[in-house]
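Read through the structure below, which is laid out as structure tokens, and then see the notes.
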Amino acid sequence: MPAELLYVALGDSTAVGVGAPTGGGYPDRLVGKLRAAYPALKLLNLGQSGATASDVLENQVPRALQTRPRLITLGIGINDVGLHISDDAFAVNLEEVVVQLRKLGVPMAIANIPDLALAPAVAQLVPRSIYERRIELFNEHVTATAARHGLTLVDLYTWSRDVLGARPELFSPDGFHPSALGYDVWAERMLAPALALLRESVGASA
């Protein structure tokens, strides 16, 4: 009997889909796209609204370690930025999250933080340069962690700098979270790397 095809997603409100009335966040939309190639693929979405890297480590990682996935994605950090958690503390927590998840021996993709300094709600509250610099700093840690552990880095930041300012329809009415279209585009950005990792994982066990 073939092993279950399971995709485990860890993250924050963007994994949950806050801002979209239906359809969920990027993991739900990504698994729908991946099913074109892997119809039996199932999703365990461990994302929690408001989660920081510390929350992922405490609440989501233990559940993930009880599974046998073929693919893992992680998207975290924006709440750490917003709650003024130090970038050093974020880096330590992120490192431990990845160290623990790598015990599963599964291909893994990590997304960096989009440039939400371009979000309408942020522009009304915080000087763009300050918020943007913090995101850049946190993303340096994401990049370093990905490189250290051989993770696939999905660069949402570079893409978002070129796109978000000109496409307000990608934001929900709260001016911060993605809209349904925003999540669709996010999932599309993750599709090619996720598909490549899934093929690697399934092929390795065939």
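Everything quoted here is computed from the prediction, not taken from an experiment.
- Between Asp184 and Glu188, the closest side-chain pair of non-hydrogen atoms is not below 4.5 Å.
- Here the side chains of Leu94 and Ile110 are in contact, with some heavy-atom distance below 4.5 Å.
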Chi angles and distances behind the side chain to side chain contact (heavy atoms under 4.5 Å, CB included) call for Arg29, Trp186: CA-CA 9 Å; Arg29 296 163 196 268; Trp186 190 321; over 6 Å; no

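- Val106 and Val99 fall into different hydrophobic clusters, where Ile, Leu, Val, Met, Phe, Trp and Tyr residues are linked whenever their side-chain heavy atoms come under 4.5 Å apart, directly or through other members.
- Between the OG atom in Ser86 and the CG atom in Asn93 there is a gap of 9.0 Å [rounded to 0.5 Å].
- Annotation for Leu83: hydrophobic cluster partners, listed by chain and number, are Ile85 (ILVMFWY side-chain heavy atoms under 4.5 Å, direct or chained).
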Derivation of the salt bridge (charged side-chain N to carboxylate O under 4.0 Å, His left out) call for Glu140 and Arg134: CA-CA 10 Å; Glu140 288 173 10; Arg134 275 183 61 77; over 6 Å; no

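- Under the 4.0 Å criterion applied to side-chain N and carboxylate O atoms, Arg70 and Glu4 are not assigned as salt-bridge partners.
- Shown here for Ala64 and Val8, the closest heavy-atom pair between the two residues is CB-CG1, 4.1 Å.
- Put simply, CD on Glu136 and OG1 on Thr143 are 11.0 Å apart, with the number rounded to the nearest 0.5 Å.
- Within the structure, no pair that satisfies the salt bridge (Lys or Arg N to Asp or Glu O under 4.0 Å) test touches residues 7-18, not counting sequence neighbours.
- Here the closest non-hydrogen pair linking Ala117 and Val122 is CA-CG1, 4.0 Å.
- Between Arg63 and Glu58 there is no salt bridge, since no side-chain nitrogen of the basic residue lies less than 4.0 Å from a carboxylate oxygen of the acidic one.
- Side-chain contact check for Leu164 versus Leu170: some heavy-atom pair is nearer than 4.5 Å.
- Contact annotation: the side chain of Tyr7 never approaches that of Pro69 to less than 4.5 Å [non-hydrogen atoms, C-beta and beyond].
- Distance CG/Asp87 to CG/Leu137: 4.0 Å, rounded to 0.5 Å.
- Atom-to-atom distance recorded for Thr22:OG1 and Tyr183:OH is 12.0 Å, nearest 0.5 angstrom.
- Listed by chain and number, the residues in a side-chain contact (heavy atoms from CB on, under 4.5 Å) with Ser179 are Leu181 (sequence neighbours excluded).
- In this structure, Asn45 and Asp28 have side chains that are in contact, with non-hydrogen atoms separated by less than 4.5 Å.
- Between atom CZ of residue Arg35 and atom CG of residue Leu43 there is a gap of 7.0 Å, rounded to the nearest 0.5 Å.
- To the nearest 0.5 Å, atom CD of residue Glu96 and atom CD of residue Gln100 are 4.5 Å apart.
- In this structure, Ile113 and Val81 have side chains that are in contact, with non-hydrogen atoms separated by less than 4.5 Å.
- Partners of Glu95 by salt bridge (charged side-chain N to carboxylate O under 4.0 Å, His left out), not counting sequence neighbours, listed by chain and number: Arg148.
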With side chain to side chain contact (heavy atoms under 4.5 Å, CB included) as the test, would you mind laying out the steps for Asn112 and Asp155 before giving the verdict? CA-CA 6 Å; Asn112 63 12; Asp155 184 9; 2.9 Å; yes

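- Pro178 places none of its side-chain heavy atoms less than 4.5 Å from the side chain of Phe171.
- The list of ring-ring contact (aromatic ring centres under 6.0 Å, His included) pairs with a residue in residues 62-116, not counting sequence neighbours, reads Phe90-Phe138.
- For Ser172, the side-chain contact (heavy atoms from CB on, under 4.5 Å) criterion is met by Asp174, His177, not counting sequence neighbours.
- Between Met108 and Leu74, some side-chain heavy-atom pair lies under the 4.5 Å cut-off.
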